[in-house]
Amino acid sequence: MRKFLILGFVCLLSACSYVDSSEYECPKISIPRETTRSYQNNGQFDEFQINLVGFESFCYTEPVTNRRYASITPTFKVRRLEASSVSSIDTSFYIKTSINAEDYLGIRNYNQVLNIPTSSKEVIVTGKQTITRIPTQPYNNFEIYIGMTMNNEAFSKANKKFDIDYRYLSEDELAKQNDALIENVYLEVRDDEEVVYSEFDKKPIVVKKDRPQNNCQN
């Protein structure tokens with residue numbers, strides 16, 4: 001047992017010299033912009049926006065078959081657009097390979113359940129892990145794409161809207177933002193004067209009370 005531990009320690013120290021780093025390299029994996037997000041509605045209003053914001057991946061060789069695989073786990077940002085009691089969303093995403101030979105994936109859709117508490121406006125959700133067959137290196141033109149699964153109507157709708165990623169402000173940030181919009185103005189006013197808002201000057205001004213009015217005055 002002691003001999004085994006010593007040898008294992010020596011191998012660990014020299015791992016950089018013997019491990020082929022290309023063994024763990026994946027082919028190019030990307031998220032096409034046009035399938036990054038989708039919407040779900042309750043009939044009249046959009047209730048949720050689902051954004052595919054990233055993924056975790058690694059590649060490996062299955063020792064028994066000596067075949068290469070890519071593990072891809074998507075990450076979603078779920079945004080609540082309308083107040084509702086719905087806390088679970090059924091959606092789907094796809095994994096697609098640029099080479100559609102039977103030996104590889106081609107394209108496959110995966111059902112995905114996304115949970116968002118009724119008290120939350122936005123959450124980050126880790127999706128399910130997927131396994132995709134990949135070729136041995138060099139990968140050449142072999143690529144992998146991941147995106148939201150949508151029919152033509154949903155695709156057209158998602159791509160007609162502005163692609164703006166926003167976040168909700170905290171209560172402290174809202175308070176600071178509102179305070180910045182308030183301007184304190186101090187004016188000295190005599191008994192025979194009053195304060196009016198001048199549309200011309202775009203600010204409060206002091207004027208005489210009971211002054212003559214004409215069409216040009218406020």
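Treat the numbers as computed from the prediction; the structure is a model and nothing was measured.
Interatomic distance, Ile146 CD1 to Ile31 CD1, rounded to the nearest 0.5 Å: 6.0 Å. Expressed to the nearest 0.5 Å, how far NZ of Lys77 lies from CD of Glu122 amounts to 5.0 Å. Once rounded to the nearest 0.5 Å, the distance linking NZ of Lys28 with CD of Glu143 reads 4.5 Å. Here CD1 of Ile50 is found 9.5 Å from CD1 of Ile116. Values are rounded to the nearest 0.5 Å. If you take CD1 on Ile131 and CZ on Arg108, they are separated by 10.5 Å, rounding to the nearest 0.5 Å. Atom OG of Ser98 and atom OH of Tyr139 lie 12.5 Å apart (nearest 0.5 Å).
Across every non-hydrogen atom of Gly127 and Thr73, the tightest pair is O-CG2, 3.3 Å. Between Glu34 and Met150, the closest heavy-atom pair is O-CE, 3.7 Å. Heavy atoms only, all atoms of each residue included: Val125 and Asn115 are closest at CG2-O, 3.8 Å. Closest heavy-atom contact between Val53 and Phe76: CG2-C, 4.2 Å. Considering all non-hydrogen atoms of both residues, Arg133 and Phe142 come closest at O-CZ, 3.9 Å. The minimum heavy-atom distance between Ser120 and Val123, with the atom names listed, is CB-CG1, 3.8 Å.
Under 3.5 Å, the side chains of Asn109 and Ser92 contain no donor-acceptor pair of N or O atoms. Side-chain polar atoms of Thr35 and Tyr145 form no donor-acceptor pair below 3.5 angstrom.
By the 4.5 Å heavy-atom criterion applied to side chains, Phe48 and Thr91 are not counted as neighbours. In this structure, Phe93 and Thr130 have side chains that are in contact, with non-hydrogen atoms separated by less than 4.5 Å. At least one side-chain heavy atom of Pro27 sits under 4.5 Å from a side-chain heavy atom of Ile144. Contact check for Tyr39 versus Leu81: side-chain heavy atoms found under the 4.5 Å cut-off.
Counting heavy-atom neighbours within 6.0 Å of Lys128 NZ, excluding the residue itself, gives a total above 12. Atom CD of Glu56 has 12 or fewer neighbouring heavy atoms from other residues, nucleotides or ligands inside a 6.0 Å radius. For Asp192, the CG atom sits in a packed shell: over 12 heavy atoms of surrounding residues, nucleotides or ligands are nearer than 6.0 Å.
With hydrogens and angles disregarded, a donor-acceptor distance shorter than 3.5 Å links the side chain of Arg80 to the backbone of Pro117. Without hydrogens or angle criteria, Ser87 side chain to Thr118 main chain gives no donor-acceptor distance under 3.5 Å.
Grouping the Ile, Leu, Val, Met, Phe, Trp and Tyr side chains by contacts below 4.5 angstrom, directly or via other members, places Ile124 apart from Ile72.
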- Passes side-chain contact (heavy atoms from CB on, under 4.5 Å), Cys26 versus Ile134? Steps please. CA-CA 9 Å; Cys26 289; Ile134 62 175; 5.7 Å; no
